[in-house]
Each structure stands twice: as C-alpha cells, then as structure tokens.
There are 2 protein chains.
Amino acid sequence: MAEIIRISESPKHENQEVTIQGWLYNKRFSGKVRFLLVRDGSAIIQCVVVKSEVSEDTFEKTDLLTQESSLKVTGVLVADKRAPIGYELHVKEIEIVQIAQDYPITPKEHGIDFLMDHRHLWIRSKRQHAILNVRHEVIRAARDFFNDRDFVLIDSPIFTPNAAEGTTTLFQTDYFGSPAYLTQSGQLYAEAACMSFGRVYCFGPTFRAEKSKTRRHLTEFWMIEPEVAFFDLQDDMQLAEEFVSHIVQTVLKKRRAELETLERDTSKLENVVPPFPKIHYNEAVEILKKNGVDFPYGDDFGGADETVLSAQFDKPVIVHHYPAEIKAFYMKRDPEEPQFALAMDMLAPEGYGEIIGGSQREDDYDTLLKRIREHNLDEEAFRWYLDLRKYGSVPHSGFGLGIERTVAWITGTKHVRETIPFPRLMQRIYP
Amino acid sequence: MAEIIRISESPKHENQEVTIQGWLYNKRFSGKVRFLLVRDGSAIIQCVVVKSEVSEDTFEKTDLLTQESSLKVTGVLVADKRAPIGYELHVKEIEIVQIAQDYPITPKEHGIDFLMDHRHLWIRSKRQHAILNVRHEVIRAARDFFNDRDFVLIDSPIFTPNAAEGTTTLFQTDYFGSPAYLTQSGQLYAEAACMSFGRVYCFGPTFRAEKSKTRRHLTEFWMIEPEVAFFDLQDDMQLAEEFVSHIVQTVLKKRRAELETLERDTSKLENVVPPFPKIHYNEAVEILKKNGVDFPYGDDFGGADETVLSAQFDKPVIVHHYPAEIKAFYMKRDPEEPQFALAMDMLAPEGYGEIIGGSQREDDYDTLLKRIREHNLDEEAFRWYLDLRKYGSVPHSGFGLGIERTVAWITGTKHVRETIPFPRLMQRIYP
C-alpha cells in the first residue's frame with residue numbers, strides 16, 4: 001500500500017507513490033488522457049489518468065466520477081511548474097468511495113438564498129473554503145498575539161443575569177424557571193478578571209437580537225476582548241493598533257494563496273502597520289462636514305459616515321473622545337473635557353466599518369453607581385461589578401474586536417454572512 | 001521614572017530600579033522592617049520596606065495598606081534564593097492607588113456559597129488563580145495541538161434548530177418569534193466542515209439544561225471537538241490519546257509552579273503518555289463484576305462505575321464498543337457485531353470521570369435515515385445532515401473533550417465549578 005498523504009504534503013513526496021483521499025472537484029477529458037481535479041481540504045491536485053498506463057477498469061472509473069464523489073487515488077507525484085501546488089499525480093489506481101448524484105452546487109451561478117440553504121455544501125466551494133481558512137488564521141493570530149504577551153484567557157459566561165450593551169437587543173432564555181440573557185459582551189467579566197491577572201482576554205460568541213438586515217450584522221458573532229489593569233485610553237489605542245496590524249500581517253504571510261483565490265488587492269493590506277491615524281470626535285465631524293455630509297453634532301456615526309471617514313485614510317483610523325451621552329454607562333469621562341467619554345472606535349479602511357470598540361472604564365465607585373442609576377440599570381445585578389471599584393480599583397481599559405467584520409475586511413468580502421461557517425441572521429438558523 | 005515591569009519579568013531586571021503595579025496580597029511587620037506581598041497577576045513578590053531607607057511618608061503608607069489595596073511600588077530588584085520567584089524588591093517609594101475597605105475574602109475559611117457569590121473576587125485567591133492559569137494552558141495546548149496538525153477551526157453555531165444529544169436537556173430561546181435551541185455539541189456541523197477541510201475542530205461553549213447538582217456538571221461548559229474525514233474508530237482513539245497526552249505534558253512543562261501551589265501529585269500526570277489502555281465494553285463489565293459491582297449488562301456506566309474502572313489503570317482508559325442501544329443515533333455500528341456502536345469514551349484516572357466521548361459516524365444514507373426515524377427526530381431539520389451522506393460520503397470520526405473536567409483532573413480539583421471563571425450551575429447565574 002502506498003503512503004496516504006494530504007495534498008499539501010506533496011513537496012515532501014516528490015517522485016514517490018502516494019495515495020490521496022478526497023473528493024472530485026472537476027474533471028476534463030482530452031482524448032486518451034483524463035484530468036481529475038481532486039480536493040482533500042488541504043489543497044487541490046490535478047490527477048492525470050493516461051489510458052495506456054492504467055487498467056481498463058481504472059480508466060472507466062473516470063467516466064463514473066461525478067462532482068463531489070469521494071475517492072482514493074494512488075499514483076506518483078511529479079513536479080510540474082504549471083500546477084498551482086507545483087505537483088501532479090500520475091495515476092495508477094482509483095478507488096471510488098461514493099458516487100455523488102446530482103450535487104446541487106454546480107459551477108453555474110446560484111442565488112444567495114439557495115447557497116445559504118446549502119451552506120453545509122457551499123463551504124466546499126473554493127471561495128468559501130478560502131474565506132474560512134483566513135478566518136482560522138485571523139483567530140489563531142489573535143489568540144497568539146495575546147498569549148505571547150502574557151494575557152490569560154478568561155472565558156466569560158454566556159448566560160448572564162443582566163445586560164452590558166442595552167436591553168433592547170437581548171436574547172432571553174428560561175433558566176430553570178427564571179429568565180437569563182445571552183451575553184452581548186464578556187467585558188464586565190474581563191474587568192473582574194483583569195484585577196486578578198493584570199492582563200486578560202475573553203473570546204467567545206456574543207449575541208444581539210437586532211432586527212437589522214444589513215451586510216454588517218449577524219445575531220451571533222465572535223468577539224475577542226482584551227482588558228488590562230493600569231491601562232489608559234492611550235495605552236488601549238496603541239494595543240489595538242499593534243493587535244490589528246499583527247493579524248493583518250500574519251494573514252498576508254501565511255495565507256497568500258487564499259488571498260489570491262479571493263482576488264484581494266493585498267497592497268491595501270501591506271500598509272496596515274502602526275501608527276494608525278487617531279482623530280478626536282470633533283475632528284471626525286469636521287471631516288464629514290468637509291465632505292458634504294449633513295451630520296448632526298453629538299450623534300454616533302452611521303455606516304455611511306464611517307465609510308466617508310475611513311475613505312480619508314489608507315489605514316484603519318481610530319476615532320476617540322465620543323460624546324459621553326451616546327456611549328455606554330461604564331466608560332470613564334475625560335476629566336479635562338467631561339462631555340467626552342474616553343472611548344475609541346477603530347474603523348477599517350475601504351468601507352468595512354467599525355471593527356473595534358473600546359474605552360477606559362469608569363474606576364470610581366460613586367461615579368459608576370451614579371451612571372448605573374442614570375441608565376435605570378438594575379443596581380442589584382451590578383453589585384459584583386461595583387465591587388471591583390471598592391476593592392483595589394485601578395485605571396483599566398480594553399476593547400472588543402469583531403471577528404466577522406475583520407475577516408470581511410481582510411478577505412474583501414462584502415457581506416459578513418460568508419465570514420462565519422454557519423451564519424445566524426434574523427431570518428436564518430438553518431442549516 | 002523607573003521602568004514599569006510585570007513581576008514575572010524580574011529576572012531580566014536584576015539590581016535595577018523598577019516600578020511594580022498591583023495589589024497588596026498580605027503584609028508582615030517586623031520591627032523597623034515591613035514586608036509587603038504584592039501581586040500583579042503574573043506573580044507575587046515580597047517588597048521590603050526598611051524604615052531608615054525610605055521617607056517617613058512612605059513608611060507610614062505601609063500602615064494604611066489593607067488587603068487588596070491597589071498600589072505602585074518602586075524599588076530595586078535584588079536576587080534572593082529564598083523567595084519563590086527568586087527576587088525581592090527593596091522599596092524606595094510607594095504610591096497608593098486605592099485603599100480597599102474590608103475586603104470580604106480573608107485568609108480564614110469561607111463557605112462555598114459565600115465564595116461563589118464573590119466569584120469576581122475569589123478568582124484573586126492563590127488557588128483559583130492557579131487553576132485558571134492551568135485552564136488557560138490546557139486550552140492553549142488543545143488549540144495548538146490541532147492547529148499544528150493542519151486542522152481548521154470551524155466555529156459551530158450556538159443557535160440550532162434541532163438537538164444533537166437528546167431533547168430533554170435543551171435550553172430554548174425565542175428567535176424572532178420561532179424557537180431556537182442552544183447547542184449541546186458542535187459535532188454535526190463539524191461533520192459538514194470535515195467534508196470540506198478534511199480535518200477540522202470546533203471549540204465553544206455548549207449547554208445542557210440538566211437538573212443535576214453533581215460535582216461533574218455545569219449548565220454551560222466548553223468543549224473541543226475534532227472531526228476527521230477518512231478516519232475510523234481506531235484512528236480516532238489514537239488521536240484522542242495523543243491529544244490528551246499532549247495537553248497533560250504541556251501543563252507539566254509550563255505550569256509547574258501552579259501545580260505546586262495546588263499541591264498536585266504530578267507523578268500521576270507524568271505517566272500520561274500513549275498508548276492508553278483500550279478495553280471493549282464487555283471487558284469493562286467483567287472488571288466491574290470482579291470488583292463486586294452489581295452492574296446490569298447493557299447499561300451505560302454511571303459515575304461510580306467509572307471510578308471503579310479508572311482505578312484499575314494508572315493512565316486514562318478508553319472504553320469502546322458500547323451497546324448501540326444506549327448511544328446516539330449518529331454512531332456507526334460495528335458491521336462484525338452490530339449490537340455495538342463504534343463508540344469510545346475516555347475516563348480520566350483518579351475518579352475524575354469521562355473526559356472524552358467519541359465515535360465513528362454513520363456514513364450510509366439509508367441507515368442514518370432509519371436511525372433518525374427510530375429516534376423520532378425531526379427528519380426535515382436533519383435534511384442538511386443527511387445530505388453529507390449523499391454527496392461524497394466518507395468514513396469519518398471525531399470526539400469531544402470537556403475542558404472543565406480535564407482541568408479538574410489535571411489540577412486535582414474535586415468540583416468542576418472551580419475550573420471555569422464564572423460557573424453556571426442549576427441554581428447559579430450570578431455573578
């Protein structure tokens with residue numbers, strides 16, 4: 001028996017007889033030679049079946065093989081400069097595992113609803129495969145960044161008794177007779193943990209029951225949220241730019257092939273290195289005005305505003321010092337200009353919108369209690385959160401990065417629904 | 001200004017003046033010398049304040065400092081072999097950030113309910129800090145294991161339209177007017193993904209609404225689930241033993257200090273290297289009988305049975321070939337002895353119970369459809385899952401490892417509630 005290898009391992013087996021296990025991606029007949037494109041998840045390889053070199057039985061199997069049929073192919077790996085992976089397989093034997101009948105996703109165009117209904121199969125397609133490989137790399141790079149910097153992973157709970165980001169977009173569940181809510185952010189828990197570990201991050205799914213059908217919204221999305229003790233807004237912005245740069249540069253280094261498949265203009269990504277431009281909210285409003293946007297001072301930026309702002313820069317831009325009124329209760333205000341929160345958002349270039357939101361947190365007990373009351377939040381539910389300001393309170397800051405929007409930006413994918421394996425949208429929980 | 005460092009970085013700054021930012025862990029007075037134990041999340045360091053060497057003001061601050069007060073201490077790092085981290089700080093200056101009043105968790109004993117109510121503070125304690133550091137390392141090692149082996153991370157959805165592991169323990173939520181369930185396992189989605197990527201894993205929180213108050217149960221726990229195409233039960237068991245061994249050996253290598261803090265007998269962990277013992281269900285039943293357990297043949301093992309079984313071995317033991325009747329609908333049966341499922345569970349030593357459950361999956365369309373009907377499952381909801389058996393079905397296998405039970409075993413912690421930052425139990429979602 002020949003050694004079973006993954007297609008990506010081909011360079012280690014040049015001129016050796018190997019067996020590849022996978023699925024038929026495509027085939028092409030040319031007289032007495034038949035070309036099978038076989039994928040195994042690691043790569044696609046062209047398998048060359050020459051009539052005079054194989055048994056009649058083997059040659060006939062190439063007739064039977066349909067798109068997505070599963071098979072094992074044994075042959076010799078031969079270097080070929082024209083091949084995308086640099087090798088071809090000169091076939092000796094074919095074993096059919098299963099013939100696929102009428103695979104629904106053909107090379108022709110399909111509507112988005114059809115593709116979403118067949119997401120379990122659609123992820124086999126080249127483009128989806130590449131996007132999800134980039135997602136894998138983004139997540140790996142994100143975790144490595146914090147792990148290598150001595151941050152401790154703190155998984156925040158999914159079931160929470162209270163809401164961090166407003167109560168209108170909560171999913172509720174029955175928890176043994178009482179209501180519980182699905183988390184919208186792990187931040188509050190990360191704050192507790194950073195008082196124990198100094199530097200922490202949480203990373204898990206978060207939920208927003210938003211009745212919104214834009215290309216930037218999912219009901220279930222993954223967020224990574226670092227939180228650091230003895231850290232102010234300046235530190236926070238610097239960490240955020242180093243972090244985003246690390247992710248982008250890692251993907252550029254390790255996922256060139258995928259970015260090529262996606263026809264991503266990588267020159268725009270090469271540029272993503274610190275320092276990023278950082279502008280005050282007032283400055284951002286000025287920019288909008290100069291660009292003819294009729295923007296009411298004091299409001300938060302909408303998607304269209306973000307696109308105008310990010311278009312001014314060739315890197316992600318950080319906007320800081322938002323009006324405190326429009327920001328969350330837990331954000332600290334600037335002592336010098338208390339109408340502004342020590343908040344910051346990072347907007348991705350090319351109109352991909354906000355990928356990071358962060359702030360320095362209110363660390364004074366009385367002020368925080370006042371804010372909780374002003375926001376009509378349940379004081380009792382926040383008792384533990386207030387405790388953090390009682391027992392060794394310190395300045396601390398953090399942010400959250402949305403994985404799907406980051407992947408959308410890096411891969412140049414318009415709609416976030418393609419950046420998560422099984423997207424959950426307002427009108428979709430299948431498959 | 002002296003350089004601000006983390007305590008763990010002390011070796012790089014011997015004899016240098018540095019500033020440490022953290023919290024007072026404990027203090028001890030001895031005449032004209034005062035010893036402050038300061039923690040910053042990375043380690044604990046003894047800070048020595050000698051009356052004749054500091055200002056009166058600085059010396060008086062040591063009186064004010066209470067447990068968990070936050071502070072900045074500047075001084076010179078001096079090597080000291082008796083110190084746990086090998087260094088002491090000879091203090092020049094102290095800056096108090098906040099005095100903590102009446103920190104509730106004192107060195108005296110507290111009841112478990114009190115500690116759980118103060119989980120946000122309890123995690124600052126030495127033992128909890130050590131357990132959560134080991135958890136961090138277990139998760140990092142688990143991800144690295146699969147990342148380094150070319151597995152692709154596929155985040156499975158939390159909202160699902162149907163149940164993988166039985167319908168009695170589901171958490172339900174209102175999803176824009178229709179019911180949705182919180183995932184109990186990402187496996188079915190990982191199966192779809194492994195047909196695209198060959199090797200995948202999912203890793204996220206999973207939910208079981210079990211009305212059970214044992215020391216092994218949480219309503220919300222994290223599970224890592226690899227799934228591999230062209231993989232049978234034998235391959236699966238081998239992957240599982242290599243995986244668990246990798247995790248244990250990594251923790252032994254990188255978290256010696258934590259295991260010491262936890263007074264864990266590490267000799268029992270050193271031994272966790274492949275191959276692990278693998279026994280047939282029938283053999284396991286024989287062992288129970290020999291040990292005087294009155295066990296009805298055909299049943300699943302309970303916690304007490306698992307303890308008896310695992311006590312026979314000095315490594316984790318894998319039990320395979322469970323009666324098909326007691327196992328999930330998606331497991332393939334052994335063609336040679338169809339009363340048994342190609343299933344396997346791994347039991348941790350020392351009575352820590354099942355840490356892995358896995359199987360080869362049914363890959364035949366008709367058989368799977370028959371099982372879905374036998375189990376009265378919603379055929380329509382499983383349409384996409386059945387598709388995987390229609391379009392290039394291949395033998396495939398996988399397993400799930402529960403993070404909290406694994407951490408409980410490795411750290412020698414009796415109850416899983418201490419192995420997750422903010423545990424969710426039947427009667428607890430606070431803090």
Side-chain angles (χ1 to χ4, degrees), chain A residues 6 21 23 40-42 68-70 97-98 100 103 120-121 123-124 129 132-133 136 139-140 143 147 150 152-159 161 171-176 180 189 192-193 195-199 204-205 220 222 230 384 387-388 391-394 420-422 424 426 429-431, chain B residues 6 21 23 40-42 68-70 97-98 100 103 120-121 123-124 129 132-133 136 139-140 143 147 150 152-159 161 171-176 180 189 192-193 195-199 204-205 220 222 230 384 387-388 391-394 420-422 424 426 429-431:
Chain A
R6 297 256 285 172
Q21 310 180 120
W23 295 265
D40 73 350
S42 75
E68 286 304 313
S69 290
S70 44
V97 180
Q98 191 203 35
Y103 186 69
H120 54 295
L121 305 175
I123 55 176
R124 301 184 188 183
H129 191 268
L132 293 179
N133 265 331
H136 167 84
I139 292 175
R140 185 180 185 169
R143 289 191 179 263
N147 290 342
D150 215 15
V152 178
L153 170 69
I154 292 297
D155 294 307
S156 54
I158 306 300
F159 289 127
F171 282 109
Q172 186 179 325
T173 183
D174 171 66
Y175 195 84
F176 303 104
Y189 293 95
M195 304 302 164
S196 170
F197 294 91
R199 303 173 184 176
E220 179 185 318
W222 285 70
F230 297 98
W384 68 270
D387 270 1
L388 307 177
Y391 305 116
S393 190
V394 300
I420 186 165
F422 296 93
R424 294 305 184 233
M426 193 183 149
I429 53 167
Y430 179 93
Chain B
R6 298 256 285 172
Q21 309 180 121
W23 296 265
D40 72 349
S42 75
E68 286 304 313
S69 289
S70 45
V97 180
Q98 191 204 33
Y103 185 69
H120 54 294
L121 304 174
I123 55 176
R124 301 184 188 183
H129 191 268
L132 293 179
N133 265 330
H136 167 83
I139 292 174
R140 184 179 185 170
R143 289 192 180 263
N147 290 343
D150 215 14
V152 177
L153 170 69
I154 292 297
D155 293 307
S156 53
I158 306 299
F159 289 127
F171 283 108
Q172 185 179 324
T173 183
D174 171 65
Y175 195 85
F176 302 104
Y189 293 95
M195 304 302 165
S196 171
F197 294 90
R199 303 173 183 175
E220 179 185 319
W222 284 70
F230 297 97
W384 67 270
D387 270 0
L388 308 177
Y391 305 115
S393 189
V394 301
I420 185 165
F422 296 93
R424 294 306 185 232
M426 193 183 148
I429 53 167
Y430 178 92

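To find a chain, count down the sequence lines: A is the first, B the second, and so on, and within it residues start at 1. This one's a predicted model, so the numbers in the text were calculated from it and none came from an experiment.
- Taking all atoms of both residues into account, the shortest heavy-atom contact from A:S393 to B:V97 is O-CG1, 3.6 Å.
- Using modelled atom types, one side-chain atom of B:R424 and one backbone atom of A:F159 make a donor-acceptor pair closer than 3.5 Å.
- Going from atom CD1 of A:I123 over to atom CD1 of B:I154 covers 6.0 Å, rounded to the nearest 0.5 Å.
- Counting heavy-atom pairs closer than 4.5 Å to chain A, the top-ranked of the candidates B:P157, B:S42, B:A100 is B:P157.
- Note on B:Y103, B:F171, B:Y175: by heavy-atom pairs under 4.5 Å with chain A, the leading option is B:Y175.
- Most heavy-atom pairs under 4.5 Å with chain A, from the set B:L132, B:D155, B:I420: that is B:D155.
- Annotation: maximal heavy-atom pairing with chain B below 4.5 Å, among A:M426, A:R6, A:R143, occurs at A:R6.
- The contact between B:D40 and chain A is made entirely by backbone atoms, counting heavy-atom distances below 4.5 Å.
- Across all their heavy atoms, B:W23 and A:F230 have their closest contact at CH2-CE1, 4.2 Å.
- Of the possible polar contacts, none joining the B:E68 side chain to the A:Y391 backbone as a donor-acceptor pair under 3.5 Å is found.
- Nearest heavy-atom pair, B:S156 versus A:E220, reported as atom, atom and distance to 0.1 Å: O-OE2, 4.2 Å.
- Residues B:G204 and A:W222 approach most closely at CA-CH2, 4.1 Å, considering heavy atoms.
- Each of A:F197, A:Y189, A:F422 has some count of heavy-atom pairs under 4.5 Å with chain B, and the biggest count is that of A:F197.
- When heavy atoms are compared at a cutoff of 4.5 Å, A:R199 approaches chain B by way of both its backbone and its side chain.
- With respect to chain A, the highest number of heavy-atom pairs below 4.5 Å among B:N147, B:L388, B:D150 belongs to B:N147.
- When B:G41, B:S70, B:G392 are compared by the number of non-hydrogen pairs under 4.5 Å with chain A, B:G392 comes out ahead.
- Heavy atoms only, all atoms of each residue included: A:W384 and B:P431 are closest at CG-CB, 3.4 Å.
- Between chain A and the options B:D387, B:D174, B:I158, B:N133, the largest number of non-hydrogen pairs under 4.5 Å is found for B:I158.
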